[in-house]
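As the structure is a prediction and not an experimental result, all values here were calculated from the model. Proteins come first, then strands; the chains are lettered A, B, ... in the order of their sequence lines, and each starts at number 1.
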2 protein chains.
Amino acid sequence: MDDDKVFKALADPNRRMLLDRLCERNGQTLGQLCDGIDMKRQSVTQHLGLLEQANLISTVRRGREKLHYINPVPLYEVYERWIRKFEESRLSLLHDLKQELEGKER
Amino acid sequence: MDDDKVFKALADPNRRMLLDRLCERNGQTLGQLCDGIDMKRQSVTQHLGLLEQANLISTVRRGREKLHYINPVPLYEVYERWIRKFEESRLSLLHDLKQELEGKER
DNA sequence: CCAATATGCAGGTATCTTACTGCATGTCAA
DNA sequence: TTGACATGCAGTAAGATACCTGCATATTGG
């Protein structure tokens, strides 16, 4: 997995919105994803392209349509690599901070 | 929490590296964080500033030094809001995709 | 106090990002 | 086949980002 592409893909609110909409209803076409959005189709295409490069979505051609599906695997890997790591050390980190501050007072 | 700031802060590899180093040893000064990095101190300051705005780190002044501590809370909120959501629907998403493809064949 | 150290702030520039317009290609249905 | 529809691709301008240099400020130890 390319960490960087995943994080960069998630860094844009429009792209997160697209993921949200796909989570509501999976397998939407480009046209459907453009509905009710204040953005040109071509821009949406660009965003979807970045999401696909980050492997956050997969696409399937069906005739002249292109269906978009979420792929949650990279998100899980981000969780494993980043979130869980810091989560586990939460208590000890706060403990460090407390010690440091107390050390200063003495 | 400001979703956007957190994601944007995590979108840069240098900032993720800084978080990593703080995870190794919490409470480092700016100078320590600059050690062994091919980047000017002022650039590191900028990155740390973004991380602090995203509430991913907290700082404490101690005399002329500034100590940096990780704050894992926003990461956990990102997990709650983003990762878990997609993780839960993983199986059903693949199921949708399968059905869609089968539907096409008929 | 003074020199060394640690950090802050201003600004400049090259690059990346985002959204756009315009046109091209491919597919369906009558 | 042809017109309508769905998407692809190229080029561009405005804005954001990342890194730098140069100088200013604040703290410590002797």
Side-chain angles (χ1 to χ4, degrees), chain A residues 2-19 21-22 25-54 56-69 100-101 103-106, chain B residues 2-22 25 27-54 56-69 100-101 103-106:
Chain A
D2 190 335
D3 261 355
D4 203 50
K5 284 188 179 174
V6 176
F7 279 114
K8 287 216 161 77
L10 292 172
D12 184 277
N14 286 316
R15 288 194 285 273
R16 292 198 300 276
M17 177 201 57
L18 287 171
L19 283 182
R21 297 186 72 182
L22 281 180
R25 186 151 68 90
N26 210 19
Q28 294 187 64
T29 68
L30 171 59
Q32 290 173 324
L33 288 171
C34 287
D35 263 8
I37 290 187
D38 187 25
M39 206 189 324
K40 294 296 171 189
R41 173 182 56 81
Q42 291 89 332
S43 303
V44 176
T45 300
Q46 230 171 315
H47 285 302
L48 290 172
L50 289 182
L51 289 172
E52 191 170 6
Q53 282 191 11
L56 282 164
I57 64 175
S58 308
T59 60
V60 180
R61 292 294 308 224
R62 187 177 63 183
R64 60 183 164 180
E65 295 177 326
K66 189 173 184 179
L67 308 178
H68 299 78
Y69 295 89
E100 188 61 51
L101 288 172
K104 189 259 160 63
E105 301 299 328
R106 286 187 200 120
Chain B
D2 190 336
D3 261 357
D4 203 50
K5 285 188 179 174
V6 176
F7 279 114
K8 287 217 161 74
L10 291 173
D12 185 276
N14 286 317
R15 287 194 285 272
R16 293 199 299 277
M17 177 202 57
L18 287 170
L19 283 182
D20 259 342
R21 296 185 73 181
L22 281 180
R25 188 150 67 90
Q28 294 186 64
T29 69
L30 170 59
Q32 290 173 325
L33 287 170
C34 287
D35 263 8
I37 289 187
D38 187 24
M39 208 190 321
K40 294 295 170 191
R41 173 181 56 80
Q42 290 89 334
S43 304
V44 176
T45 300
Q46 227 172 318
H47 285 302
L48 290 172
L50 288 182
L51 289 172
E52 191 169 8
Q53 281 190 13
L56 283 164
I57 64 176
S58 308
T59 60
V60 181
R61 293 293 307 225
R62 187 177 60 184
R64 59 182 164 183
E65 294 177 326
K66 190 172 187 178
L67 308 177
H68 299 78
Y69 295 88
E100 187 62 51
L101 289 172
K104 189 256 161 65
E105 301 299 327
R106 287 187 198 119

A.B. asks: Considering non-hydrogen atoms only, spot the tightest contact between B:Ala54 and B:Val6 and give its length.
C.D. replies: O-CG2, 3.7 Å
A.B. asks: Send over the distance from B:Lys40 NZ to C:dA6 P, rounded to a whole Å.
C.D. replies: 16 Å
A.B. asks: Going by salt bridge (charged side-chain N to carboxylate O under 4.0 Å, His left out), name the residues that satisfy it together with A:Glu65, two or more places apart in sequence or in a different chain.
C.D. replies: A:Arg62
A.B. asks: Work out which heavy atom in B:Gly27 is nearest to a heavy atom in B:Leu22; give both atom names and the distance.
C.D. replies: N-CD2, 4.2 Å
A.B. asks: Going 5' to 3' along nucleotides 25-30 of chain D, which nucleotides have protein heavy atoms under 4.0 Å from the base (write B), which only from the sugar-phosphate (write S), and which from neither (write -)?
C.D. replies: --BS--
A.B. asks: For B:Asn14, check side-chain hydrogen bond (donor to acceptor under 3.5 Å, both in side chains) against everything at least two apart and list the hits.
C.D. replies: none
A.B. asks: Name all residues meeting the side chain to side chain contact (heavy atoms under 4.5 Å, CB included) criterion together with A:Asp4; count only those two or more places apart in sequence or in a different chain, and write none if there are none.
C.D. replies: A:Asp2, A:Lys8, B:Pro13, B:Arg16
A.B. asks: Run the salt bridge (charged side-chain N to carboxylate O under 4.0 Å, His left out) test against B:Asp20 and tell me which residues pass, sequence neighbours left out.
C.D. replies: A:Arg81, A:Lys85
A.B. asks: Starting at atom CZ of A:Arg41, determine the distance to atom P of C:dG26, rounded to an integer number of angstrom.
C.D. replies: 15 Å
A.B. asks: State the NE2-CD distance between A:His68 and A:Gln32, to the nearest 0.5 angstrom.
C.D. replies: 10.5 Å
A.B. asks: Work out which heavy atom in B:Tyr69 is nearest to a heavy atom in B:Val60; give both atom names and the distance.
C.D. replies: CE1-CG2, 4.1 Å
A.B. asks: Looking at the base of D:dG22, is there any donor atom on it, or on the side chain of B:Gln42, that sits under 3.5 Å from an acceptor on the other one?
C.D. replies: yes
A.B. asks: Return the value, rounded to whole Å, for the distance between atom CG of A:Asp4 and atom C1' of C:dC16.
C.D. replies: 13 Å
A.B. asks: Any chance you could measure B:Thr59, atom OG1, to B:Leu51, atom CG, to the nearest 0.5 Å?
C.D. replies: 11.5 Å
A.B. asks: Please report the interatomic distance CG(A:Leu33) to CD1(A:Ile57), rounded to the nearest 0.5 Å.
C.D. replies: 8.0 Å
A.B. asks: At a heavy-atom distance below 4.0 Å, what parts of residues 43-50 of chain B sit against DNA chain D?
C.D. replies: B:Ser43, B:Gln46, B:His47, B:Leu50
A.B. asks: How close or far is atom C1' of D:dT7 from atom CD of A:Gln28, stated in whole angstroms?
C.D. replies: 16 Å
A.B. asks: Does anything in residues 9-16 of chain B reach DNA chain C, meaning a heavy atom under 4.0 Å, and if so which residues?
C.D. replies: none
A.B. asks: Give a yes/no on whether any side-chain N or O of B:Lys66 is located under 4.0 angstrom from OP1 or OP2 of C:dG8.
C.D. replies: yes
A.B. asks: Near DNA chain C, counting only heavy atoms under 4.0 Å, which residues of residues 31-39 of chain B show up?
C.D. replies: B:Gly31
A.B. asks: Write down the distance between CG (B:Leu18) and P (D:dC19), rounded to a whole number of angstrom.
C.D. replies: 10 Å
A.B. asks: Sequence neighbours excluded and cut-off under 3.5 Å, please list the side-chain donor-acceptor pairs for residues 37-49 of chain A, or say none.
C.D. replies:
residue	atom	partner	partner atom	Å
A:Thr45	OG1	A:Arg41	O	3.1
A:His47	ND1	A:Arg15	NH1	3.0

A.B. asks: Output all residues satisfying side-chain hydrogen bond (donor to acceptor under 3.5 Å, both in side chains) with A:Gln53, sequence neighbours left out; order by chain, then residue number.
C.D. replies: none
A.B. asks: What's the angle between the local helix axes at either end of the helix from C:dC1-D:dG30 to C:dA30-D:dT1, using five pairs per end and rounding to 10 degrees?
C.D. replies: 30°
A.B. asks: Please report the distance, rounded to the nearest Å, between CE in B:Met17 and C1' in D:dA18.
C.D. replies: 13 Å
